[in-house]
Amino acid sequence: MSYADGFVLAVPKARLEEYKAMARLGGTVWKEHGALAYVECTGDDVPYGELTSFPRAVQAKEDEVVIFAWIVYESRAARDEIVKKVMADPRLTMPPAGMPFDGKRMIYGGFEVFVEL
């Protein structure tokens, strides 16, 4: 069964195009290093829930858009090797202060896929 990394984050609307350019480059790099799929989505129907919601989870502000993304790998072992290569790839070197989003509010994690249709 495959393995997936998932991400949810908030991006200021004023920096969305900058983020999209960064995501396109990231997708290219991840795929070159062996990821099976790389997907980034902008929130279109993500209401602010009373108790839980995507916007609440990342403390999205009025001037921010929620991003939902995932990367698919052949396996956990493949993911671990690919991530090492991606993190060492100079094309993705950027100081945290230059990021077009607040990384402290990003939610991420690795998941074992149990249904794949």
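Computation of the quantities below employed the complete heavy-atom set of this structure, encompassing side-chain atoms and omitting hydrogens, waters and symmetry-equivalent molecules.
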- Message: Check R91 with E32, please: is the shortest side-chain N to carboxylate O separation under 4.0 Å?
- Response: yes
- Thinking salt bridges, do D89 and K85 make one under a 4.0 Å N-O criterion? no
- Message: Are there over 12 heavy-atom neighbours, none belonging to E74, within less than 6.0 Å of that residue's CD?
- Response: no
- Message: Taking G49's backbone N and O only, do any of them form a donor-acceptor pair with R56's side chain (distance below 3.5 Å, no angle check)?
- Response: yes
- Note on the structure: In terms of heavy-atom contacts, V66 and A60 come closest through CG2-CB, 4.1 Å
- Task: Check whether I107 and F101 end up in the same hydrophobic cluster, where Ile, Leu, Val, Met, Phe, Trp and Tyr are linked by side-chain heavy atoms less than 4.5 Å apart.
- Result: no
- Would you call I67 and L16 a side-chain contact if the rule is heavy atoms closer than 4.5 Å? yes
- Message: How close do P100 and P12 get, counting heavy atoms only, and between which atoms?
- Response: O-CD, 3.4 Å
- Return yes when atom CD of E116 has more than 12 non-hydrogen atoms of other residues, nucleotides or ligands closer than 6.0 Å, and no otherwise. yes
- Query: Should V83 and M99 be regarded as members of a common hydrophobic cluster, given that ILVMFWY residues are connected when their side-chain heavy atoms come within less than 4.5 Å of each other, either directly or indirectly?
  - Reply: yes
- Note on the structure: All heavy atoms of M1 vs all of V113, minimum pair found to be CG-O, 2.8 Å
- Message: To check you understand the geometry: which heavy-atom pair defines the closest contact between L92 and W30, and what is its length?
- Response: CD1-CZ3, 4.0 Å
- Task: Locate the shortest heavy-atom distance separating P55 from V46; write the atom from each residue and the value.
- Result: CG-O, 3.3 Å
- Task: Determine, step by step, whether L117 and V115 satisfy the side-chain contact (heavy atoms from CB on, under 4.5 Å) criterion, reporting the C-alpha distance in whole Å, the side-chain angles of both residues, the deciding distance to 0.1 Å, and the verdict.
- Result: CA-CA 7 Å; L117 305 173; V115 173; 4.0 Å; yes
- Can you measure from OG (S53) to OH (Y48) and round to the nearest 0.5 angstrom? 6.0 Å
- Should we say atom OH of Y108 is surrounded by more than 12 heavy atoms from elsewhere, each under 6.0 Å from it? no
- Linking I/L/V/M/F/W/Y whenever their side-chain heavy atoms sit closer than 4.5 Å, directly or via other members, would Y3 and V86 fall into one cluster? yes
- Gap separating the OH atom of Y73 from the OH atom of Y38, nearest 0.5 angstrom: 9.0 Å
- Item | D5 side chain near R79 side chain, heavy-atom distance below 4.5 Å | yes
- Task: First locate atom CZ of R24, then atom CD of E40, and finally report the distance between them rounded to the nearest 0.5 Å.
- Result: 10.0 Å
- Query: With hydrophobic residues grouped by side-chain heavy-atom distances under 4.5 Å, do I71 and V8 end up in a single group?
  - Reply: no
- Note on the structure: To the nearest 0.5 Å, atom OG1 of T42 lies from atom NZ of K13 at 11.0 Å
- Note on the structure: Output for pair (F68 CZ, F54 CZ), nearest 0.5 Å, gives 5.0 Å
- Item | Interatomic distance, S75 atom OG to E112 atom CD [nearest 0.5 angstrom] | 10.5 Å
- Is the backbone N or O of R15 less than 3.5 Å from a side-chain atom of E18, with the two atoms forming a donor-acceptor pair by type? no
- Task: Report whether L9 and M87 are members of the same hydrophobic cluster (ILVMFWY, side-chain heavy atoms less than 4.5 Å apart, transitive linking).
- Result: yes
- Closest heavy-atom pair and its distance - R105, A10: NH1-CB, 4.0 Å
